[in-house]
Amino acid sequence: MKTHNKIKEFINIIRNRGFVHQTTDLKSLEENYNRIVGYTGFDCTSNTLHVGSLLQLMLLRWLQKTNNKPIILLGGGTTKIGDPSGKDATRKILSKNDIKKNSEGIKSVIKKFIDFNESDNGAQLVNNEKWLDNLNYIDFLRNFGKHFSVNRMLTFDSVKTRLEREQNLSFLEFNYSLLQAFDFLQLSKNYYIYYRLL
């Protein structure tokens with residue numbers, strides 16, 4: 001298989017199956033890279049995944065079946081914050097022990113769909129608590145917070161919907177998107193990630 005065909009095959013499959021809604025410069029991806037290293041993340045709020053996670057799992061599976069590389073990001077760190085998207089209220093704060101148990105349960109579900117091995121297309125499992133738990137908050141705000149516009153963040157559906165309904169949105173939850181962006185930065189440096197799948 002020619003190297004560029006790995007990318008084209010994956011894109012053709014997901015396009016034909018109706019997975020594609022928005023993308024960033026697919027032509028450049030096909031012309032300049034040998035393969036896709038893509039990721040998606042799962043916060044550890046439960047010890048299993050719900051049916052809505054099947055979409056992400058299918059994308060990861062097709063990525064792997066076309067000899068590209070999937071990275072699964074467990075949100076051990078972001079679970080401590082709480083994702084505001086699709087929620088009417090602040091997420092319950094879980095203990096470290098609960099988060100650990102939940103991450104083990106999620107790993108066992110994912111392993112039914114994705115192969116974890118040392119091959120070129122073997123999936124990697126990483127947990128963002130590795131870099132978020134030791135993050136110096138002041139340095140983080142100085143180095144990264146200055147690049148985020150509060151005006152822009154207020155237009156995100158996850159934020160706008162809660163504000164329109166006059167439902168509480170904590171400062172903790174408001175920071176969730178900054179931590180997601182920091183995840184992408186860490187993954188791109190350590191795993192050469194170019195794309196986030198969903």
Side-chain angles (χ1 to χ4, degrees), residues 38-61 70-117 122-145 148 150 153-154 156-191 193 196-198:
Y39 83 98
T40 193
F42 302 95
D43 276 348
C44 307
T45 55
S46 172
N47 65 354
T48 189
L49 296 173
H50 55 76
V51 72
S53 299
L54 188 58
L55 181 63
Q56 291 102 305
L57 290 172
M58 292 306 298
L59 277 169
L60 293 168
R61 186 166 170 81
I71 305 288
I72 292 84
L73 175 66
L74 289 179
T78 45
T79 299
K80 297 169 188 170
I81 302 296
D83 180 359
S85 51
K87 309 287 185 297
D88 291 335
T90 302
R91 183 189 283 168
K92 178 186 167 195
I93 302 296
L94 299 175
S95 70
K96 285 184 179 184
N97 195 40
D98 286 339
I99 292 170
K100 187 174 188 221
K101 279 192 240 176
N102 290 347
S103 69
E104 292 302 321
I106 291 170
K107 281 184 212 174
S108 67
V109 170
I110 292 171
K111 286 180 179 179
K112 294 176 183 177
F113 299 91
I114 309 297
D115 293 325
F116 293 88
N117 58 59
Q124 297 291 308
L125 186 80
V126 294
N127 193 321
N128 67 10
E129 72 181 358
K130 179 179 176 181
W131 52 81
L132 293 180
D133 276 2
N134 298 316
L135 195 62
N136 180 315
Y137 188 63
I138 299 298
D139 287 346
F140 177 71
L141 288 179
R142 284 175 56 96
N143 296 329
F144 301 100
F148 289 82
V150 170
M153 291 169 72
L154 288 171
F156 295 165
D157 285 340
S158 60
V159 173
K160 194 166 60 171
T161 303
R162 293 270 287 274
L163 294 177
E164 285 171 356
R165 293 180 184 166
E166 296 185 10
Q167 295 166 328
N168 185 54
L169 177 71
S170 72
F171 182 71
L172 195 64
E173 294 171 289
F174 189 66
N175 281 276
Y176 191 85
S177 59
L178 274 76
L179 298 178
Q180 280 186 314
F182 193 70
D183 284 346
F184 183 82
L185 176 67
Q186 294 301 309
L187 289 169
S188 64
K189 286 196 307 194
N190 296 313
Y191 297 94
I193 294 283
R196 179 173 189 257
L197 306 172
L198 289 182

Set of side chain to side chain contact (heavy atoms under 4.5 Å, CB included) partners for Val51, sequence neighbours left out | none

Taken in chain and number order and not counting sequence neighbours, the residues that satisfy side chain to side chain contact (heavy atoms under 4.5 Å, CB included) with Ser53 are Phe42, Leu49, His50, Gln56

Give a yes or no on whether Glu164 atom CD has more than 12 heavy-atom contacts from other residues, nucleotides or ligands under 6.0 Å away.
-> yes

Distance-minimising heavy-atom pair for Pro70 and Leu60 | CB-CD2, 3.7 Å

Here the salt bridge (charged side-chain N to carboxylate O under 4.0 Å, His left out) pairs for residues 94-104, sequence neighbours left out, are Glu104-Lys107

Heavy atoms, side chains only, cut-off 4.5 Å: are Leu179 and Ile81 in contact?
-> yes

Partner residues of Asn175 under the side chain to side chain contact (heavy atoms under 4.5 Å, CB included) criterion, sequence neighbours left out | Tyr137, Phe171, Leu178

Residues forming a side chain to side chain donor-acceptor pair (under 3.5 Å) with Asn102, sequence neighbours excluded | none

When rounded to the nearest 0.5 Å, the distance separating CG of Asn128 from OG1 of Thr78 is 4.0 Å

Decide yes or no on side chain to side chain contact (heavy atoms under 4.5 Å, CB included) for Phe174 and Leu154, but give the supporting numbers first.
-> CA-CA 9 Å; Phe174 189 66; Leu154 288 171; 4.2 Å; yes

Scan the side chains in residues 109-116 for donor-acceptor partners under 3.5 Å anywhere in the protein, sequence neighbours excluded, and list what turns up.
none

Where is the tightest heavy-atom contact between Ser108 and Gly105, given as atom of each residue plus distance?
-> OG-O, 2.7 Å

Nearest heavy-atom neighbours spanning Gly76 and Glu129 | C-CB, 3.9 Å

Give a yes or no on whether the backbone of Cys44 and the side-chain of Thr79 come within a donor-acceptor separation of less than 3.5 Å.
-> yes

Could you please spell out the steps behind the side chain to side chain contact (heavy atoms under 4.5 Å, CB included) verdict for Arg162 and Glu173?
-> CA-CA 11 Å; Arg162 293 270 287 274; Glu173 294 171 289; 3.0 Å; yes

Side chains of Phe148 and Leu141: closer than 4.5 Å at any heavy-atom pair?
-> no

Rounded to the nearest 0.5 Å, how far apart are OG1 of Thr40 and CD1 of Ile72?
-> 9.0 Å

For Phe144, check ring pair (Phe, Tyr, Trp, His ring centres under 6.0 Å) against everything at least two apart and list the hits.
-> Phe140, Phe182

Does any pair with a residue in residues 133-144 pass salt bridge (charged side-chain N to carboxylate O under 4.0 Å, His left out), and if so which ones, sequence neighbours excluded?
-> Lys80-Asp133

Any side-chain heavy-atom pair from Asp183 and Leu132 closer than 4.5 angstrom?
-> yes

The reported gap from CG in Asn190 to CD in Gln124 (rounded to nearest 0.5 angstrom) is 11.5 Å

With sequence neighbours excluded, tell me which residues meet side chain to side chain contact (heavy atoms under 4.5 Å, CB included) with Met58.
-> Phe19, Leu54, Trp62

Are the side chain of Asp43 and the backbone of Thr45 linked by a donor-acceptor contact shorter than 3.5 Å?
-> no

